[in-house]
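As structure tokens, the structure follows; a few thoughts come after it.
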Amino acid sequence: MFRGLGRRLLRSRFAASPGLGRRHLGQRFLRLPRVPGRAWASHGALPGPRSANPASGRSPRARSPWPAPTDYLGCCLGTLKMETMEVTGVSMKRSLSIDENDDLAPADEAKRQKVSECCLVKDQETLGNDCVLSNETVSRRTETTTTREGRNSVEEQVEEEEEEEDALLGEEEEEEEDGESFADMMKHGLTEVDVGITKFVSSHQGFSGILKERYSDFIVHEIGKDGRISYLDNLTVPVDDEDPSDDIFTVLTEENKQRLEELQLFKNKETSVALEVFEDTKEKRTIIHQAVKSLFPGLETKTEEREGKKYIVAYHAAGKKALANPRKHSWPKSRGSYCHFVLYKENKDTMDAINVLSKFLRVKPNIFSYMGTKDKRAITVQEIAVLKITAQRLAHLNKCLMNFKLGNFSYQKNPLKLGELQGNHFTVVLRNITGTDHQVQQAMNSLKEIGFINYYGMQRFGTTAVPTYQVGRAILQNCWDEVVDLILKPRPGAEKGYLVKCREEWAKTKDPDAALKKLPVKRCVEGQLLRGLSKYGLKNIVSAFGIIPRNNRLMYIHSYQSYVWNNMVSKRIEEYGLEPVPGDLVLKGATATYIEEADVNSYSIHDVVMPLPGFDVLYPKHKISETYKEMLAADHLNIENMKHKIRDYSLSGAYRKIIIRPQDVSWEVVSYDDPRIPLFNTDLDNLEGKPPPVFAAEGKYRALKMDFSLPPSTYATMAIREVLKMDTSIKNQTQLNTTWLR
């Protein structure tokens, strides 16, 4: 642990040295290619508190080399790890790793109104897979996607053990693949044709462009349930006389914070912690009482006199549940129980961001709620709600955390619920485009007027040589030995060294304990499955597989549903084109119905839906119905019986529109000379008063800047694919980016 921390500290000190910029740092220590990227250029080396502007309440991006002494340990331990992860993210820059507008549709919608299946993205770095949640699943789990309630005791035990392994993560991930090895891995990856993405709806000529050359080329703003787009444009904290003084963040020493945290988390045998009061005044004691109770939920305090000295003694007011249930009596009754805020994040997915916030606040992740998950490799802005945490305390995180910014605080009575959002607004830059102005005009007009095929994007199916839909198919077939084999067997392409060793050990010995020893970080799916096999044995794979969190398990079978849907929609368009035909399905209110011969002219292709296979859906009344049956029969599945022996793996099905027309479409072609410069301002740039970029009249390169809005559970990459007429798979984009960088 300390060896890994030392290396991260060393890297940060090198980064802070005048002669060693972040680019050199990446090449020297992480063997990254010399490529331009926002993460190289626009962030300081070792993060510290940003000096606030008292007049504006804004925090400039410039950072002092070191945090203030009182903040140092807490900030350093958290942000150094995050900085390492940020640089690691740049090493994947050549990929098209996009987890985009995959938000959750309303959970309380009737089954027949399930227009689209919903996806909950959970970045699995070792698998590169998405974590998928269907509408039916959302209705069961309500808004608390990160909650641990409902998990069995084994899962809780596993999660607690995994928290102890976080410190190892940075050390073991030093062996990041360079650009060439990642490109080599992608030689074994999927292409669009492999997952049924074969058709286009427009007739314009395609052209080349680079998507997500830098993660700052892809910005997502959430559209709330009221139709308003979320922006980060205010960092001020609501004035509240009942909030404690800002001194609570500095009154405790780092040693005291460490002791209190260990007491709070039951990490030692102490039943209390005594803090000596050196300045024995009532005001000083009050601040210490407030600091302990505010920063360490679940702890109570009292003042005692021992041998003529005053001590404030902290002790447990309740059990472990106190972490997930912030103190009720310390919250003003006149104030809403939830603090809503806008979260701006860079190169981090939503669930990882929530985990970081919860660790810094020392609370459980399940007190946070949100309307939908957002991309990792992007800059995203979304609304978050948290139970009984003050805006003051949240705003303090802006001084400590890198790649995050919290603002637009307000107190509300209710949390947020998954699926409440109306969609997302995208701002996307395609760099180094080859299309003429006329070609761009044709492509964008077609996107605006016709739309694009609502395929499930490539990230739905994973990035490794074993697609997620293959695992899902094996689950549905009840072939549990094959499930284990697909997840654990050695696979072609570059992977992290410890994963390769783990797979080799499994292939050689079939001993889960021996394979598990090769994994320093057990949080990956492979580690969770091996733990299950170690506990339940090879003859009870179902129970062993059940140790994997439910969302991760469901992503496999939903990936198979998506695979079938993509193929069926391609067949439907090939057979009948872009006009509605008798036997197609449309939604009338909450019910799917057939288009009759007499009503064909009453509908357009934008009304037509196609089913994801399941036991509670209708299938079209034309040739495509038989095609569904044939495809599932070829996979040894019966379309008439999609109920599984294990209830979790039964598929009820859903409906999804086959063509989506984006809203609020606009575009601009710009010229530029320096591939490293950003081509538009972010919310943070605007907050800091940064002027917009100035473009060259005749630059070396041309870029297409696009703006558009999409409903939940649609993929922006599929809209971009329609514009470029290019394969959006990582395999293809890696080759394109590699060529471009030479």
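Hydrogens, waters and symmetry mates are skipped; everything else that's a heavy atom, side chains included, is used.
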Beyond-backbone contact of L343 with K374, side-chain heavy atoms, under 4.5 angstrom: no
Working note: Y701 + D674, criterion side chain to side chain contact (heavy atoms under 4.5 Å, CB included); need CA distance, chi angles, decisive distance, verdict. CA-CA 8 Å; Y701 315 112; D674 186 351; over 6 Å; no
So CG of D352 and OG1 of T373: to nearest 0.5 Å the spacing works out to 11.5 Å
Any sub-3.5 Å donor-acceptor pair from N403's side-chain atoms to N347's backbone N or O? no
Sidechain N-carboxylate O distance under 4.0 Å for E192, R721: yes
Heavy-atom nearest pair, M726 first then G209, reads SD-N, 3.7 Å
Does V342 reach the side chain of E222, with side-chain heavy atoms less than 4.5 Å apart? no
Look up atom CG in D727 and atom OG1 in T191, then write down how far apart they are to the nearest 0.5 Å. 5.5 Å
Non-hydrogen side-chain atoms of C400 and F360 separated by less than 4.5 Å: yes
Are any side-chain N or O atoms of R214 and backbone N or O atoms of I677, one a donor and one an acceptor, separated by less than 3.5 Å? yes
Is there side-chain contact between F695 and L679, with at least one heavy-atom pair below 4.5 Å? yes
Which pair of heavy atoms, one from F404 and one from N398, lies closest together, and at what distance? O-OD1, 4.5 Å
Go through K705 and V428 one step at a time and tell me if the side chain to side chain contact (heavy atoms under 4.5 Å, CB included) criterion holds. CA-CA 6 Å; K705 178 178 174 286; V428 179; over 6 Å; no
L190 to G462 - nearest heavy-atom pair and separation: CD1-O, 4.4 Å
Taking the side chain as every heavy atom from C-beta outward, state whether L406 and L235 have any pair of such atoms under 4.5 Å apart. no
How close do E383 and L416 get, counting heavy atoms only, and between which atoms? O-CD1, 3.4 Å
For the CG atom of N686 and the CG atom of N681, what is their distance to the nearest 0.5 Å? 5.0 Å
Salt bridge or not for D217 and R431, using N-O below 4.0 Å? yes
All heavy atoms of V381 vs all of S230, minimum pair found to be CG1-O, 3.5 Å
Verify side chain to side chain contact (heavy atoms under 4.5 Å, CB included) between I223 and S709, making sure each step is shown before the conclusion. CA-CA 9 Å; I223 305 173; S709 298; 3.8 Å; yes
Would Y715 and M458 satisfy side chain to side chain contact (heavy atoms under 4.5 Å, CB included), going step by step from the backbone distance to the final call? CA-CA 9 Å; Y715 287 72; M458 294 302 299; over 6 Å; no
Less than 4.5 Å apart, side chain to side chain, heavy atoms only: is that true for F680 and D685? no
Between K417 (side chain) and M371 (backbone), is there a donor-acceptor pair under 3.5 Å? no
Between CG of L710 and CD of Q422, what distance do you get to the nearest 0.5 Å? 13.0 Å
Minimal heavy-atom distance between P678 and P693, with the atoms involved, is O-CB, 3.7 Å
Where does the angle between the aromatic ring planes of Y231 and H221 fall among parallel (under 30°), tilted (30 to 60°) and perpendicular (over 60°)? tilted
Measuring from I354:CD1 to K364:NZ, what's the distance to the nearest 0.5 Å? 15.0 Å
I379 side chain near E346 side chain, heavy-atom distance below 4.5 Å: yes
I'd like to know if the side chain of D349 reaches the main chain of K376, judged simply by a donor and an acceptor atom lying under 3.5 Å from each other, with no hydrogens or angles considered. no
Note, N424 side chain near F426 side chain (heavy atom, < 4.5 Å): yes
Any donor-acceptor pair under 3.5 Å linking the side-chain atoms of T468 with those of S559? yes
Do K405's NZ or CZ and the ring of Y344 fall within the cation-pi criteria of under 6.0 Å and 45°? no
Testing the 3.5 Å rule here: is there a donor-acceptor pair between the side chains of R460 and S562? yes
Verify the distance criterion only: is there a donor paired with an acceptor across the side chains of N408 and D233 at less than 3.5 Å? yes
Euclidean distance, L687 CG relative to T682 OG1, rounded to 0.5 Å: 8.5 Å
Can you tell me if S358 and N355 form a side-chain donor-acceptor pair at under 3.5 Å? no
Side chains of K345 and T380: is there a donor and an acceptor less than 3.5 Å apart? yes
Exercise: do Y370 and Q382 side chains pair donor with acceptor under 3.5 Å: no
Kindly assign one of parallel, tilted or perpendicular to the pair F341 and F368, based on the angle between their ring planes and the thresholds 30° and 60°. perpendicular
Any side-chain donor paired with an acceptor under 3.5 Å for H425 and D664? no
